[in-house]
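Treat the numbers as computed from the prediction; the structure is a model and nothing was measured. We use all heavy atoms of the structure for the numbers below, so side chains are in, but hydrogens, waters and symmetry mates are not.
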2 protein chains.
Amino acid sequence: MSNQGGLRERKKEATRQAISDVATELFLERGFDNVSVAEVAEAAEVSRMTVFNYFPRKEDLFFDREEESRQLLRTAFAERPAGEAPIATLRKLVHSLADRVHPFAKFTDATAKFWRTVAESPALSARAREMRDELINDLASVLAGAINRPLADADARLAASMVVTALTVAYAEGLREHKARRSAASSRETFLRIMERSFSGIAIMLKDTPYA
Amino acid sequence: MSNQGGLRERKKEATRQAISDVATELFLERGFDNVSVAEVAEAAEVSRMTVFNYFPRKEDLFFDREEESRQLLRTAFAERPAGEAPIATLRKLVHSLADRVHPFAKFTDATAKFWRTVAESPALSARAREMRDELINDLASVLAGAINRPLADADARLAASMVVTALTVAYAEGLREHKARRSAASSRETFLRIMERSFSGIAIMLKDTPYA
DNA sequence: CATAAAATTGTACTCAGTATAATATTTACT
DNA sequence: AGTAAATATTATACTGAGTACAATTTTATG
């Protein structure tokens, strides 16, 4: 039987982390497309097959936190005050992320380097876009679920698409601001300013729906 | 020297078209991921290398009209009345596309099958997302250029992202409506209704900028 | 018809990702 | 402790996209 805190589980987690760490380091150093999975395996002192055992796709070695955003949404809506408009819940969540300097609203040299590495690799860029679309789908489901609407509700899809698009633009501009001014405060303000403008527009789009 | 309407040019174009046609047919029939480039080459009676000569990536065999959307934007803004708000120009363009039943606003069994084939292939979906991002970048440049702003203008990026996102959602819902009701009129209406709602919200987002 | 330019092809390669079977290691049980 | 079952790791061999480069065929031009 599988032992929760057993040696096997701990070793697996350690192996996984070791592979991910050494891979991330190599990718940041030399660029995602200039490092083969075989090299990662060798550097992690593990076989190529083991790498693919833990990470089905090479891109997963770099993007190792997809589940986090999903969880973030679920808890935000689980704790939502009854009767609050879903869009208001999201607006609060965004401010909370900015206040807590969550990775999704963090503008530092490290995050800049991370996203530069993504931008320089077609494969990583493609995976980032895919994750964006998955986030939109998740959010649409959560939004529709929050007010007991069918999961394919068109208004939910519009709302989710617009919010995630706003986040993408706001985050990109936040990063640009960081590169230009190197100020955490002004990056944060740029990010929030764009999100606020976006939310005001999104509210209009959804004004005759239960989402706003 | 290269002869404009010479035999060589005509033959090249014919070969290219023949490859693209036979590939599209195979992909629609059996699915993009179940047909190898080698098979396409064989069916087109051409070598594998020749296929890659004309179409650098396999996905290009299916998406063969990327330039069209680019051109659509440029001409719309070239013919724009002086002083018209860029967002108004886009709104008119969308209505014009719907009226002319342009491929970007066309809801038929054929377009449904086309996009179903895309949805069923990870590679084609990825390429579609990439094209969406390229369209956003193009549109942002055109918007900024239209009012003599720097090409990286944040407002232009926000506007472009929002409009393309709206188009994506509106088109998807138009397709869904087609599948449900098989009515060209009601698909068109669904599409335009979502676009109108989106434009009204986008106008709010940009109300203090020269774009709206 | 000969020759230059350009299109097509052949060959050999790299790399991601998959399938499958063999081997090593941990766990559970006596 | 020792052993059998479960599971992690590895070896091997494969497919298919995409690239590099050289050889060959086809078209254009004098």
Once you round it to whole Å, what is the distance between C1' of D/dG18 and CZ of B/Phe52?
-> 5 Å
Would you please name every residue forming a ring pair (Phe, Tyr, Trp, His ring centres under 6.0 Å) with B/Phe104, sequence neighbours left out?
-> B/His102
Report, one pair per line, the protein and nucleotides 8-15 of chain C atoms (nitrogen or oxygen only) whose separation is under 3.5 Å.
residue : atom : partner : partner atom : Å
C/dT8   : OP1  : B/Tyr54 : OH           : 3.3
C/dT8   : OP2  : B/Tyr54 : OH           : 2.7
C/dT9   : OP2  : B/Ser47 : N            : 2.9
C/dT9   : OP2  : B/Ser47 : OG           : 3.3
C/dT9   : OP2  : B/Thr50 : OG1          : 2.4

Between P of D/dT9 and CD of A/Glu13, the distance in whole Å | 12 Å
Measure the distance from CD on A/Glu9 to P on D/dT7 and round it to the nearest whole Å.
-> 10 Å
What residues 18-34 of chain B contributes to the DNA chain C interface at heavy-atom separation below 4.0 Å is none
With B/Asp33 via salt bridge (charged side-chain N to carboxylate O under 4.0 Å, His left out) - residues at least two apart | none
Mind jotting down which residue pairs meet the ring-ring contact (aromatic ring centres under 6.0 Å, His included) criterion with at least one end in residues 8-45 of chain A? Sequence neighbours excluded, please.
-> A/Phe27-A/Phe32
Would B/Ser186 and B/Glu177 count as having a side-chain donor-acceptor pair, cut-off 3.5 Å?
-> yes
Name all pairs fulfilling the salt bridge (Lys or Arg N to Asp or Glu O under 4.0 Å) condition that reach into residues 13-25 of chain A, sequence neighbours left out, sorted by first residue then second.
-> A/Arg16-A/Asp64
Within residues 132-157 of chain B or reaching into it, pairs that qualify as ring-ring contact (aromatic ring centres under 6.0 Å, His included) - sequence neighbours excluded = none
Scan for salt bridge (Lys or Arg N to Asp or Glu O under 4.0 Å) pairs involving residues 41-50 of chain A, sequence neighbours excluded, and state none if there are none.
-> none
Separation of atom CZ in A/Arg16 from atom P in D/dT9, rounded to whole Å | 12 Å
Sorted by chain and number, sequence neighbours left out, ring pair (Phe, Tyr, Trp, His ring centres under 6.0 Å) with A/Phe55 holds for none
